[in-house]
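Residue numbering restarts at 1 for every chain, and letters A, B, ... go by the order of the sequence lines.
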Amino acid sequence: MSDYNPGATLEKDGAIAILTMDDVKKRNALSQAVVSDMERHVADIMADDAIRAVVLTGANGTFCAGGDISGFDDMDMPLRRRMPRLQGLAAKIAHSEKPVVSAIEGGAFGGGLSVALLADQVISADNARFCASFAKIGLMPDVGLLATLTARVGIGRAKEICMLAEDVAASDALADGMVDELTAPGQALTRAKEVAAEFAAMGPLAVGYTKAMTMRWPMTLVQELAWEGQLQGVLFSTDDLQEGRAAFFEKRKPAFKGK
Amino acid sequence: MSDAAPKTLVEDHGSVRILTINNVKQRNALTMDVKAVFGPALAEAERDPNVRAIVITGAGGTFSAGGDVTLFGDMTPAKGRHVVYRQREFLHTMIRGETPIIAAVEGFAYGAGFGVAMAADHIVAAEDAKFCAAFNKIGLMPDGGLLYTLPQRVGMGRAKEMLMLASVTDGVEAKRLGMVDVLAPSGSALDAALAKAEKFAAAAPLAIGAIKGAFARWPFDLESVFAMEIDAQQALMGTADATEARRAFFAKQKPVFKGA
């Protein structure tokens, strides 16, 4: 292919950023080219106050094939250095206070499934397939999957999915809570943008603090009560609360500013 | 079966070891006799590199009635502590070991027997199996690890109901709640468990051990997972099994794992 240009692209559409993994030859595997671009774009998105929600997706009709297996031979960047890089990117996405919605066509495998589940909401085409394929090549799940998947499907199902590298159909993924909503094939991105727009219309501070709190899971009730007290105290002093109250009484939609 | 029969039967199906609690007269209650044999048999299976999966089941069509209530006649706090302590030894092996464990439940899994079933990684239940945290019926709180394992599978609300009210849950309802993973027709839980155990036995054992070891630390936050995965993944990348798996992947063959 003459115009083969692996990487990741960023599009901004109003308050929504769409981050697309794109490596047509490797089914959007997490090659160095894709990861480098994602690092750059994620930094851009997080620094942009106008962006209120992020859609994470893959080009070429698939989400992401996972780690770049062919790149495993390339020990110029050994795992001990490569993995913290991927984990650092994952942490930026997971800990971002902007809501993230994954849009999945085709499939999400191995590290691609891990990336998909870093999102707050997961929208999938009803013919997509999922597999924590790590164990097929003698590895354990990485990029946070043991935490994110287990939080979604419970420990029994997570063990089955991870230990047996089971192929999970979209309908089962929905039933298990691995994904949140199914669409017709080809419609995942469109629907994810709609969902992202719903998140973007909410008060960004309240959404961000809620996300930050859920990222501290597991937590004790004592911790939760202490943290909510601190954060709710901050939210009580915001302009957004005044706007929200005014809109409520005036029966109109609020226009939140994140202040 | 005579009283001289071993209190735990040990049988190998290829690389799957079946441990059958065998105390039929007391519905496989976990008496001190049973624990004295079951615990070491489990530890031996866990240590044996040729054993890639362990199935735990009960003889005579039932899993286990739980603790030995005949002991409770002259129970004292010190004796009670000893009884529960012996249980902790094998539960520790079940949860912290590296070999996948599949429970095959027919009939009753009550009290500590319920605990043993829930401590498995994968649980197969007959449709008419019955689970009950019966402790509260005799004025005790749950043991057998249920306060840890049960809410992970059914959530806190359900777990409180089951543990506080000692309610009975049948196999069908247990499957619906995610309390068990596979539902089998009555009488065929062991067959279904063996079929599933073969799959666990064929998977890369070091990766399975790493996954099981990670889950034994549940609950964890995302940062803890990042730390665990970088340590374990680095070690796994250098294994002969990983090399074999990559060879097989590109050759479109089934890999043969050696646990090395």
Contact part of A:Lys136 toward chain B, heavy-atom cut-off under 4.5 Å: side chain, backbone, both or neither?
backbone

Under 3.5 Å, is there a donor-acceptor pair between the B:Arg47 and B:Thr93 side chains?
no

Heavy-atom pairs under 4.5 Å with chain B: which of A:His95, A:Arg216, A:Arg157 has the most?
A:His95

Check each atom of B:Ala210 against the heavy atoms of chain A and say whether the ones under 4.5 Å are side chain, backbone, both or neither.
both

Tell me whether the count of non-hydrogen atoms from other residues, nucleotides or ligands lying under 6.0 Å of NZ in A:Lys211 goes above 12.
yes

Applying side chain to side chain contact (heavy atoms under 4.5 Å, CB included), can you list everything that pairs with A:Pro99, at least two apart in sequence or on another chain?
A:Ala53, A:Asp120, A:Phe199, A:Val207

B:Ala189 backbone acceptor or donor facing B:Glu106 side chain under 3.5 Å:
yes

Show the nearest heavy-atom pair for residues A:Gly138 and B:Ala204, with the distance to one decimal.
CA-CB, 3.9 Å

Interface moiety of A:Leu164 toward chain B, non-hydrogen atoms closer than 4.5 Å
side chain

Under 4.5 Å from any heavy atom of chain A, what part of B:Phe200 do you find: side chain, backbone, both or neither?
both

Between A:Ala165 and chain B, with a heavy-atom cut-off of 4.5 Å, which part of the residue counts as in contact: side chain, backbone, both or neither?
neither

Please determine, among B:Arg247, B:Met179, B:Lys212, B:His122, the option with the most heavy-atom pairs under 4.5 Å with chain A.
B:His122

With a 3.5 Å distance limit and no angle check, can you tell me whether A:Asn28 reaches the backbone of A:Asp23 through a side-chain donor-acceptor pair?
yes

Interface check, chain B: of A:Lys159, A:Met219, A:Glu160, A:Gln87, most non-hydrogen pairs under 4.5 Å belong to A:Gln87

Sort out for me which of A:Gly154, A:Pro141, A:Cys162 touches chain B most, counting heavy-atom pairs under 4.5 Å.
A:Pro141

Tell me the residues of residues 218-228 of chain B whose non-hydrogen atoms fall below 4.5 Å from those of chain A, in number order.
B:Trp218, B:Pro219, B:Phe220, B:Asp221, B:Leu222, B:Glu223, B:Val225, B:Phe226

If you tally heavy-atom pairs under 4.5 Å against chain A, which of B:Pro205, B:Pro255, B:Ala245 wins?
B:Ala245

Closest non-hydrogen contact found for B:Leu163 with B:Pro142 is CD2-CG, 3.7 Å

Let's test your reading of the structure: which of A:Asp176, A:Val143, A:Thr148, A:Leu145 forms the most heavy-atom pairs below 4.5 Å with chain B?
A:Val143

State, to 0.1 Å, how close B:Leu30 and B:Ser64 come at their nearest heavy-atom pair, and which atoms those are.
CG-OG, 3.6 Å

With a 4.0 Å cut-off, would you call A:Glu39 and A:Arg85 a salt bridge?
yes

Which atom of A:Leu19 lies closest to which atom of A:His41, heavy atoms considered:
CD1-CB, 3.5 Å

Of the listed B:Arg153, B:Met118, B:Lys254, the one with the largest count of heavy-atom pairs under 4.5 Å with chain A is B:Arg153

Minimum heavy-atom distance between A:Thr150 and A:Ile155, given as atom pair plus value:
CG2-CA, 3.9 Å

Which heavy atom of B:Ala109 sits nearest a heavy atom of B:Phe63, and at what distance?
CB-CD2, 4.0 Å

Against chain A, label B:Lys196 side chain, backbone, both or neither, depending on which of its atoms sit under 4.5 Å from a heavy atom there.
side chain

